[in-house]
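For reference, the structure is listed below as structure tokens.
Proteins come first, then strands; the chains are lettered A, B, ... in the order of their sequence lines, and each starts at number 1.
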Amino acid sequence: MSKEKPSIPKGTRDFGPAVVVKRNYIFSIIRSTFQKFGYLPLETPAMEQLSVLTGKYGDEGDQLIFKILNSGDYLGKTTPADIEQGSKHLIRKISEKALRYDLTVPFARFVVMNRNEITFPFKRYQIQPVWRADRPQKGRYREFYQCDADVVGTNSLLCEAEIVQMIDEVLTTLGLTDFTIKINHRGVLAGIAEAIGEKGREGDICVAIDKLDKIGKEGVRKELLERGISEDAVSKLEPLYTLEGNNQELLQQLQTILGNTEEGQRGLKDLNDVWSYLDNLSSNALTTANPSGNPRLQLDVTLARGLSYYTGCIFEVKVNNVSMGSISGGGRYDNLTGMFGLPGVSGVGFSFGVDRIYDVLEELDLFPVSAQLSTKVLIVQFDKESELYALPLLQKLRDAGISSELYPEAAKLKKQMGYADQKNIPFVLLVGSEEMESGKVKLRDMQTGEQDELYIDDIIAQLKDIA
RNA sequence: GUGGUUGUAGCUCAGUUGGUUAGAGCACCAGAUUGUGAUUCUGGGGGUCGUGGGUUCGAGACCCAUCUUCCACCCCA
């Protein structure tokens, strides 16, 4: 056995106790919000049939799917001719399974397989890791958690409105105050394409427009021309980048621009409906302004999302003034289950990227202290007798719901105190011969250094108050 | 997938045109202190310099390959 230094694959991470505790804090807020809106949990396998995943994310996406080699002699059934035909052909021969790339497609697969047992509309949430063979960089990992909430089996735009509500609630509860929920509509994008005389080319137009922030108006112009959009059309498009006014005014301006296009009409009607729902829900996303003065929900005609299955509203969420890509995104897909032979089931959903939210909260120092504590009380012992004496006390503390532990051996005080310090345990109970005689134990507040001699019942009452 | 970048002690990093036994701070362990952590003082352990080849009398340093890190594209949570 050669001793090699162990390592983990590129783009993956271990999560130590301190990190997991903080991640769980995020998960619990997301989970309880989803449940509050009537979504129920679902879990699916880490691996899917490769055929379930391929073709759902576009060519780019297909390349980022982690494939799993067949078990056993995976080359057994291949011939030299197969190899000559190239990797695309060969993959089908040597790999039948793959790690899931997102949670939406497995969800659609689940819906189709269980269509007879499911009561529609079906609302589910799912919190599991996904894998992408992307090249890692900041906020981009090869294994990361997504927290999806989707509803299928209804066209109602109330679902879109509720998605906005949930995003707003989760981020607010996490302590974020400056974020923007961008919304747009595939119909609006198609309508724009038609209105500028490039009907059906919205795909190319979207990819280019999406980079507006990064490469600017001239960069986008160049890219559009390269993609074969006419100069005339580009000139007609450019005024849209700088539309001004609040959301309502934007919608009105778009009405005059897209009024005659069927797709544009559809998009505008949907967006208006979403606003109307949010209005009647008195949504904070409309009423609460960011420090910049704009409301959190913002119509953005330059928002274009890559996943090819979106057909209606699309969302993306950006935390302002931090160096991080979008932390959440989603949209409506009319025909995702159609790919699995079940047409006519419309769905809408979105996803939180927990790993990115974690990085943002860390950068903004927004994790509350309560999300960082583990044990509340450490009982320090001096010898075998004090250990025996401490056991009932320990049980009493735990029965009272106070997370506590007894240092498992009579180590030097310095060591035991250091343990409490390291673990960020706020209180230490000292149990030794003096205490056993008086029946009172010493309670030390590790933050202030103050010590009191108290009866255990008083200590429990005091600590429960603080909790 | 394309172009760049990084790797030296547990962590953050020094290390000169290639030249004796590879350093610092922090962390860790022990003692000063036999009932008190985060401050102070003293001492100590810990590295086949990411890995594998090559050039050289001699490589942490130069060359090649490979893995890894971070960044920009592409795309995306």
Side-chain angles (χ1 to χ4, degrees), chain A residues 2-13 16 26 30 57-65 87 100-104 127-148 167 206-208 210-211 214-215 219 223 304-308 314-319 323-330 349-360 378-383 386 407 410-436 441-451 453:
Chain A
S2 65
K3 50 178 174 180
E4 61 182 84
K5 277 185 185 164
S7 64
I8 55 175
K10 184 201 288 226
T12 65
R13 298 148 300 157
I26 302 176
I30 293 176
Y57 311 105
D59 285 343
E60 294 270 0
D62 282 357
Q63 288 181 342
L64 299 180
I65 294 171
S87 52
R100 62 166 169 257
Y101 178 88
D102 70 356
L103 301 178
T104 308
I127 299 179
Q128 291 188 277
V130 303
W131 294 268
R132 296 184 187 177
D134 220 340
R135 202 177 275 199
Q137 42 181 284
K138 178 164 189 178
R140 175 179 294 190
Y141 309 101
R142 288 186 149 182
E143 177 185 63
F144 61 97
Y145 266 83
Q146 286 197 331
C147 307
D148 267 42
I167 293 172
C206 286
V207 172
D210 197 37
K211 297 177 195 161
K214 235 179 231 172
I215 60 181
E223 174 136 3
R305 290 182 53 76
L307 289 182
S308 49
I314 46 184
F315 308 96
E316 194 162 284
V317 182
K318 178 91 179 62
V319 178
S323 55
M324 179 60 70
S326 63
I327 57 166
S328 175
F350 75 108
S351 179
F352 284 114
V354 175
D355 304 83
R356 287 189 174 180
I357 292 175
Y358 181 96
D359 289 348
V360 167
L378 174 76
I379 306 181
V380 161
Q381 58 160 313
F382 293 87
D383 46 38
S386 70
Y407 197 88
K412 285 192 176 162
L413 261 209
K414 187 181 165 80
K415 179 149 182 152
Q416 298 190 55
M417 299 296 286
Y419 177 81
D421 192 41
Q422 276 293 311
K423 250 184 121 170
N424 209 7
I425 298 174
F427 296 99
V428 165
L429 232 52
L430 293 118
V431 179
S433 51
E434 294 169 22
E435 288 77 10
M436 284 154 68
V441 288
K442 278 208 185 90
L443 174 70
R444 180 178 176 87
D445 183 326
M446 291 296 277
Q447 221 130 50
T448 62
E450 285 169 27
Q451 275 183 197
E453 236 174 294

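The distance from atom CZ of Arg142(A) to atom P of rC70(B) is 12 Å, rounded to the nearest whole Å. Rounded to an integer number of Å, the gap from Gln63(A) CD to rC75(B) P is 12 Å. Here the C1' atom of nucleotide rA38(B) and the NZ atom of Lys423(A) are 18 Å apart, to the nearest Å. Nucleotide rU33(B) holds its P atom 21 Å from the CD atom of Gln416(A), rounded to whole Å. Put simply, CD1 on Ile8(A) is 16 Å from P on rC67(B), counting in whole angstrom units. Rounded to an integer number of Å, the gap from Asp383(A) CG to rU34(B) P is 16 Å. Nucleotide rC28(B) holds its C1' atom 11 Å from the NZ atom of Lys415(A), rounded to whole Å. Nucleotide rC28(B) holds its P atom 15 Å from the OH atom of Tyr419(A), rounded to whole Å.
Within 3.5 Å, no donor on the side chain of Gln137(A) pairs with an acceptor on the base of rU69(B), nor the reverse. A donor-acceptor contact under 3.5 Å links the side chain of Arg140(A) to the base of rC75(B).
Of the candidates rC73(B), rU36(B), rC75(B), the closest approach to any side-chain atom of Asp134(A) belongs to rC75(B). When distances are taken from the side chain of Lys211(A) to each of rC74(B), rA77(B), rA38(B), the shortest belongs to rC74(B). Closest approach to the Asp421(A) side chain among rC74(B), rA38(B), rA77(B) is made by rA38(B) (side chain taken as heavy atoms from C-beta onward).
Nearest-nucleotide positions on RNA chain B for Ile215(A) and Lys138(A) put Lys138(A) closer to the 5' end. Comparing Ser351(A) and Glu60(A), the nucleotide of RNA chain B nearest to each residue sits closer to the 5' end for Glu60(A).
Residue contacts shown for Val380(A) are absent, as no nucleic acid heavy atom lies under 4.0 Å away. Ser7(A) comes within 4.0 angstrom of nothing in the nucleic acid, heavy atoms only.
Considering only side-chain N and O atoms, Lys414(A) lies nowhere under 4.0 angstrom from the phosphate OP1 or OP2 of rA30(B). Of the side-chain N and O atoms in Lys214(A), one or more sit less than 4.0 angstrom from OP1 or OP2 of rC73(B). Between Lys318(A) and rA77(B), a side-chain N or O to OP1/OP2 separation shorter than 4.0 Å is absent.
At distances below 3.5 Å, at least one donor-acceptor pair connects side-chain atoms of Arg132(A) with backbone N or O atoms of Tyr101(A).
When the P atom is used for both rG7(B) and rU16(B), the distance is 13 Å, rounded to whole Å. Taking atom P in both rG60(B) and rG52(B), one finds a spacing of 13 Å when rounded to whole Å.
Ring-to-base geometry places Phe144(A) in a stacked arrangement with rA77(B) (centre distance under 5.5 Å, plane angle under 30°).
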How does RNA chain B read in dot-bracket, base by base from 5' to 3', with Watson-Crick or G-U pairs under 3.5 Å and | used when the partner is on another strand? ((((..(..((((.....[...)))).(((((.......))))).....(((((..]....))))))..))))....
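With sequence neighbours left out, Tyr407(A) forms a ring-ring contact (aromatic ring centres under 6.0 Å, His included) with Tyr419(A).
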